[in-house]
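Quantities reported herein were computed from a predicted structural model and do not represent experimental measurements. Count residues from 1 along the sequence. All heavy atoms count here, side chains included; hydrogens, waters and symmetry mates do not.
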Amino acid sequence: AQEGAYLLGILAGLTTQSNIIGLVGPIEAGDAIKYNKGFEQGAKSVNDKVQVRIAYTGSFGDLVAAGEIARTHIKAGADILTGTSQQTVGAINVAAEKKGLYWLSSDMDQKSIAPDTVLAAQVYNFKNVVMEMINSRAEGVYGGKHLELSLANGGLQFVFNDKIIGNVPAAAKQAVLDAKAKIIDGSLTVTIK
């Protein structure tokens, strides 16, 4: 979760005008923590003035609470929002109501929900994991392996919304692409501190 989040953080850090970014989290555990910390590290790696404000709903599916947190972040001056879990649909809809505000997606490419708001996404691609499970089973291996989704193995992909990516500085997109290449070749490792 932290690799794509780091890239989204770079994009946010170089795109924000207010230097305030709102993050809508589900429960403070697991991949949500990895995403949040990776995102914050990415944003601060390119912008030492940025503030990443994190709030949790306490649920994975509370669309109303996610929307309320998004509204609170916007009132506090956030011009970019992000978050994880199924509940983010509620926050994305709130973000889409405000012109010029961007949402950065996780888990899946959510630009179809708000094509003028969702700027980019880290997308989980489970195809390789499922194929490895099928192949392992065929070889008589029934578990005991830790399977990761990463940019290097194709389990994690990063996509821009071509419709609106031209609205942000070209240098921001290039910084993301440069960092992505470094993560893939191993010269940059996003660690959770």
Is it the case that one hydrophobic cluster holds both Ile54 and Val24, taking links as side-chain heavy atoms less than 4.5 Å apart, direct or via other members? no

Answer yes or no: is there a side-chain heavy-atom contact under 4.5 Å between Leu11 and Leu7? no

Any donor and acceptor pair, going by atom type alone, linking the side chain of Asp79 with main-chain N or O of Thr16 inside 3.5 Å? no

Could you go through the side-chain contact (heavy atoms from CB on, under 4.5 Å) check for Leu81 and Ile21 one step at a time? CA-CA 6 Å; Leu81 298 175; Ile21 299 166; over 6 Å; no

Sub-4.5 Å side-chain heavy-atom contact between Leu101 and Ile80: no

Point-to-point distance, once rounded to the nearest 0.5 Å, from CD of Gln2 to CD1 of Ile192: 4.0 Å

In short, Ala55 meets Ile69 closest at the heavy-atom pair CB-CG2, 3.7 Å

Grab the two heavy atoms, one from Leu188 and one from Ala179, that are nearest each other, plus how far apart they are. CD2-O, 4.0 Å

Minimal non-hydrogen separation, Gly4 against Leu156, with atom names: N-CD2, 3.4 Å

Take Arg53 and His73 through the side-chain contact (heavy atoms from CB on, under 4.5 Å) test and state the conclusion after the steps. CA-CA 8 Å; Arg53 297 180 178 175; His73 284 317; 3.9 Å; yes

Quick check: do Tyr124 and Met108 have side-chain heavy atoms less than 4.5 Å from each other? no

State the NZ-NZ distance between Lys44 and Lys49, to the nearest 0.5 angstrom. 14.0 Å

Does Ser136 use its side chain to pair, donor to acceptor, with the backbone of Met133 at less than 3.5 Å? no

Is the side chain of Ser18 donor-acceptor paired with the backbone N or O of Gly77 at a distance under 3.5 Å, no angle test? yes

Donor-acceptor pair, distance only, cut-off 3.5 Å: does the side chain of Thr88 make one with the backbone of Ala91? no

Is there a path of hydrophobic side-chain contacts, each under 4.5 Å between heavy atoms, that joins Leu177 and Val46? yes

Apply side-chain contact (heavy atoms from CB on, under 4.5 Å) to the pair Tyr102 and Thr15, showing each step before the final yes or no. CA-CA 9 Å; Tyr102 294 116; Thr15 302; 4.2 Å; yes

Mind checking the CG-CG spacing from Asn125 to Leu151? Nearest 0.5 Å is all I need. 11.5 Å

Does any non-hydrogen side-chain atom of Arg71 lie less than 4.5 Å from one of Glu97? yes

Are any non-hydrogen side-chain atoms of Leu14 and Pro169 less than 4.5 angstrom apart? no

Shortest non-hydrogen contact from Ala32 toward Thr84: CB-OG1, 4.2 Å

Can you hop from Val52 to Ile33 via hydrophobic side chains spaced under 4.5 Å? no

Flag the pair Leu149 / Phe126 as yes when at least one side-chain heavy-atom distance between them is below 4.5 Å, and no otherwise. yes

Leu8 and Ala121: which non-hydrogen atoms are nearest, and at how many Å? CD2-N, 4.1 Å

Of the options Leu119, Ile165, Asp109, which is the one that meets Phe160 in a side chain to side chain contact (heavy atoms under 4.5 Å, CB included)? Ile165

CD/Glu132 to NZ/Lys127 distance, rounded to the nearest 0.5 angstrom? 14.0 Å

Can you tell me how the ring of Phe39 sits relative to the ring of Tyr35, calling it parallel under 30°, perpendicular over 60° and tilted otherwise? parallel

Interatomic spacing from CD in Glu139 to CG in Asn135 - rounded to 0.5 Å: 6.5 Å

With a 4.5 Å limit on heavy-atom distance, are the side chains of Ile113 and Trp103 in contact? no

No-hydrogen, no-angle side-chain donor-acceptor test under 3.5 Å, Thr57 and Asp62: no

Does any donor atom in the side chain of Tyr56 or Asn36 lie under 3.5 Å from an acceptor atom in the other side chain? yes

Measure from the side-chain N and O atoms of Gln41 to the backbone N and O of Thr191, and report whether any donor-acceptor pair falls under 3.5 Å. yes

For Ile10 against Ser45, the heavy-atom pair lying closest together: CG1-OG, 3.9 Å

Within-4.5 Å side-chain heavy-atom neighbours: Asp107 and Val123: no

Among side-chain atoms of Asp178 and Gln174, is any donor-acceptor pair under 3.5 angstrom? yes

From Lys34 atom NZ to Ser106 atom OG, the distance as rounded to the nearest 0.5 Å: 12.5 Å

Report yes or no: do Ile184 and Val176 belong to one cluster of Ile/Leu/Val/Met/Phe/Trp/Tyr joined by side chain heavy-atom distances under 4.5 Å? yes

Whether the Asn47 and Asn19 side chains hold a donor-acceptor pair (N or O, under 3.5 Å, no angle test) is what I'd like checked. yes

Intermediate values then yes/no, side-chain contact (heavy atoms from CB on, under 4.5 Å), Ser105 and Gln122: CA-CA 6 Å; Ser105 292; Gln122 76 163 344; over 6 Å; no

Should the heavy atoms of other residues, nucleotides or ligands under 6.0 Å from NZ of Lys111 be counted, would the total exceed 12? yes

Would you say Leu104 and Leu23 are hydrophobically clustered, going by side-chain heavy atoms of ILVMFWY under 4.5 Å? yes

